[in-house]
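Presented below is the structure to which this report refers.
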Amino acid sequence: MRILAYTFRRLLAAIPVLLGVSVLAFLISHAIPGDPARLIVGPKASKEAVEAIRKEHGLDRPLPVQYLHFLGGLLTGDLGRSIRNHRPVTEDLADYFPATLELTLASLVLCLSVGIPLGILAAVRRNRFADHAARVVSVVGVSTPVFWLGLMLLLLFYRHLSWLPGSGRLDVTSAPPAGVTGLYVVDAVLAGNWPLLREAVSHLILPAFCLSYVYLAIITRIVRSSMIAVLGQDYITTARANGLSAGRVVFKHAFKNSLIPTVTIVGLSLGELLGGAILTETIFAWPGMGKYVVDSVNALDFPAIMGFTLVASTAYVAINLGVDVLYAFLNPRIRY
Amino acid sequence: MPTPLLHVRDLSVSFATYQGRAMVLDRASLSVNRGEIMGLVGETGCGKSVLSRAVLRIIPSPPGRIDGGEIVFEGRDLLTLPKKAMRALRGDRISMIFQEPMSSLNPVYTVGNQMREVIRAHREVSRAEAQAVCLEMLEAVRLPEPGTVLAAYPHELSGGMRQRVMIAMELSCRPALLLADEPTTALDVTVQGQILAILAELSAREGLSILLVTHDMGVVAQICSRVAVMYAGQVVEVADVESLFARPAHPYTRGLIASIPGRAGEGDLYAIPGSVPSPIDPPPGCRFHSRCTQSGPDCRRAVPEMVLVAPDHAVACHQCPGGGRP
Ligand SMILES: Nc1ncnc2c1ncn2[C@@H]1O[C@H](COP(=O)(O)OP(=O)(O)OP(=O)(O)O)[C@@H](O)[C@H]1O
Ligand code: SF4
Ligand SMILES: [Mg+2]
């Protein structure tokens, strides 16, 4: 299939990008002002102690050698040890990344499952009640600061109504499901542990909603406007003139075309959702990458920073790849 | 007299605009007989597309609205037909092709997908049976390698090929009437000729009636048997092609014929002076009076009625005394 060959070529093309990312991650984390070795041993330690630490972490060697060492480790799945807590960085990432990913995916599902139908409805019932309602939802979404929205959600649903939990991924007394993916919702399903699934989902709702609202609003607007543009096209008149039902006209002929601009926005949003979770994670005490990164930067924990940069950039590259493939799938006019 | 297949009677259509309601069609009447090619001509903006779309009831609404009249097709008034029955007619008994073959087909589906969909919307047939009809239709419009065309996306075909695909698609359910809204305007001259030849051949062979909207009096002379002339939302003259060209009765039609390149002589292009009145707040009386060289006192006051000046030749003009209603 053409699409498969295209995907494969794009995968190959991603390799140099990722190599470049590794160089950048390495350089940036070494360009941070301050001496991590000094930070570890403390301001009063002797010069010898600092030197020993430098040696231990390989900081005394020339930069290119350090990079090759780092790259070698990377290829074997070793990102070094955190300076801060002496754990392998991969283990830290394995703990924190799935939390962020789960939150991001849940937000994405919310964005798409609400944003797309709402956008279509607004376009089809243009200038009627549904359209105005969708517009209010969008304007509120785009103009509400995340921290304020988060606090209001907590106040209402956690404090006053007590409908939903307000922090963490699970109740403090619960143990996480036996982890395959690290996504608690998925792991709970795999383990068939329904009470735990309920618990994980209820913890997800508020932060996912908080994180997704802005993007939900944007996606609604994009779907609406691209749908309106598509509904005015000649081929829509053709479809109607051919006696096709309104449902077929909208959901077959208009929808696929209107998805083309939407996919681009969804890809961008997904990238931002992944990177933009820091505020939301802080408000809802979500043990994700956001907090991990802030702590790492404060501690000049450069192996951790590099690890995070790599994971985040790889995710970006993967999202872009996905968007391009989806784009090619939706739009036969793309030459690939 | 042949029985008309389609009879549009006193059709009025208006659009809501920011300047007010535009009376785009004002009591327009014409008929199309079985098996004939009926030309519909007139300056840009006179309402030809609106009239042909009104027949299928696909005028965007809002802002459009059909204010009155009848559209009788095979004995039924389409304007009173329930939505569902109307939808069943579209693409089956009455089909339409448009000016822009580049944009009339959906770019994200293959030709086969779109053609089969139309057939299966109207006939209980399997995919394979629909496919067979598609191939047969593509051959009828003389497309080489119909199998390849069916698997192609619209952007992989030339404009002329796409218009043939449109014709094949629209005729796949064997309609009685094809509304063709300037089907060749966007095409090269050589391709234009081929498309017109295909339409003429299908009409003759299958007994298909065609309402052919065009700007081009040359096209009318070539393939139409009758022709209706529109001016500013009204049908002002209807005649068989020979009498129209030999004895144009309405001053506007005379201007139109005089402005055909090569007719005015000496390479001079004749153009009717003045411009079309606005459909918002149109002038009283005859809508052509501000541009008419023959206009008299009646013309500003009363709207001229259609009268017969010869068998099968009707005209709406105060200066053309005729013998009774058409
Ligand atoms: N959707 C619409 N909204 C408002 N006015 C419209 C709309 N569609 C058509 N009209 C108006 O109706 C009038 C007739 O338009 P129509 O497209 O039928 O002209 P036409 O005779 O087909 O012209 P052309 O030869 O350029 O195709 C024009 O004045 C146009 O402005
Ligand atoms: S009715 Fe009068 S104004 Fe109109 S075309 Fe005839 S002569 Fe001219
Ligand atoms: Mg037109």
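For B:Glu117, the parts sitting under 4.5 Å from any heavy atom of chain A are the backbone and the side chain alike. Using a 4.5 Å cut-off between heavy atoms, B:Met102 makes no contact with chain A at all. Neither the backbone nor the side chain of B:Met86 has a heavy atom closer than 4.5 Å to any heavy atom of chain A. Of the atoms belonging to A:Leu330, it is backbone heavy atoms, and not side-chain ones, that fall under 4.5 Å from chain B. Of the two parts of B:Asp92, neither the backbone nor the side chain holds a non-hydrogen atom closer than 4.5 Å to a non-hydrogen atom of chain A.
Interface remark: of the candidates B:Thr110, B:Leu56, B:Leu105, B:Leu105 forms the most heavy-atom pairs closer than 4.5 Å to chain A. Comparing A:Asn127, A:Ile236, A:Asp234, A:Asn242 by heavy-atom pairs within less than 4.5 Å of chain B, the highest count is held by A:Asn242. By number of non-hydrogen pairs under 4.5 angstrom with chain A, the leading residue of B:Ile97, B:Val118, B:Leu179 is B:Val118. Most heavy-atom pairs under 4.5 Å with chain A: of the set B:Ser95, B:Ser104, B:Ala121, B:Gly91, this distinction falls to B:Ser104.
Between B:Arg93 and B:Glu170 there is no salt bridge, since none of the side-chain N atoms of the basic residue sits less than 4.0 Å from a carboxylate O of the acidic one. Salt bridge status for B:Lys48 with B:Asp181: absent, with no side-chain N to carboxylate O gap under 4.0 Å.
Under 3.5 Å, the side chains of B:Arg164 and B:Gln194 contain a donor-acceptor pair of N or O atoms. Checked by atom type, the side-chain pair B:His215/B:Glu182 shows a donor-acceptor distance below 3.5 Å.
Shown here for A:Ala241 and B:Met96, the closest heavy-atom pair between the two residues is CB-CB, 4.4 Å. Residues B:His122 and B:Arg87 approach most closely at CE1-O, 3.7 Å, considering heavy atoms. When all heavy atoms are compared, the tightest approach of B:Ala176 to B:Glu74 is CB-OE2, 3.8 Å.
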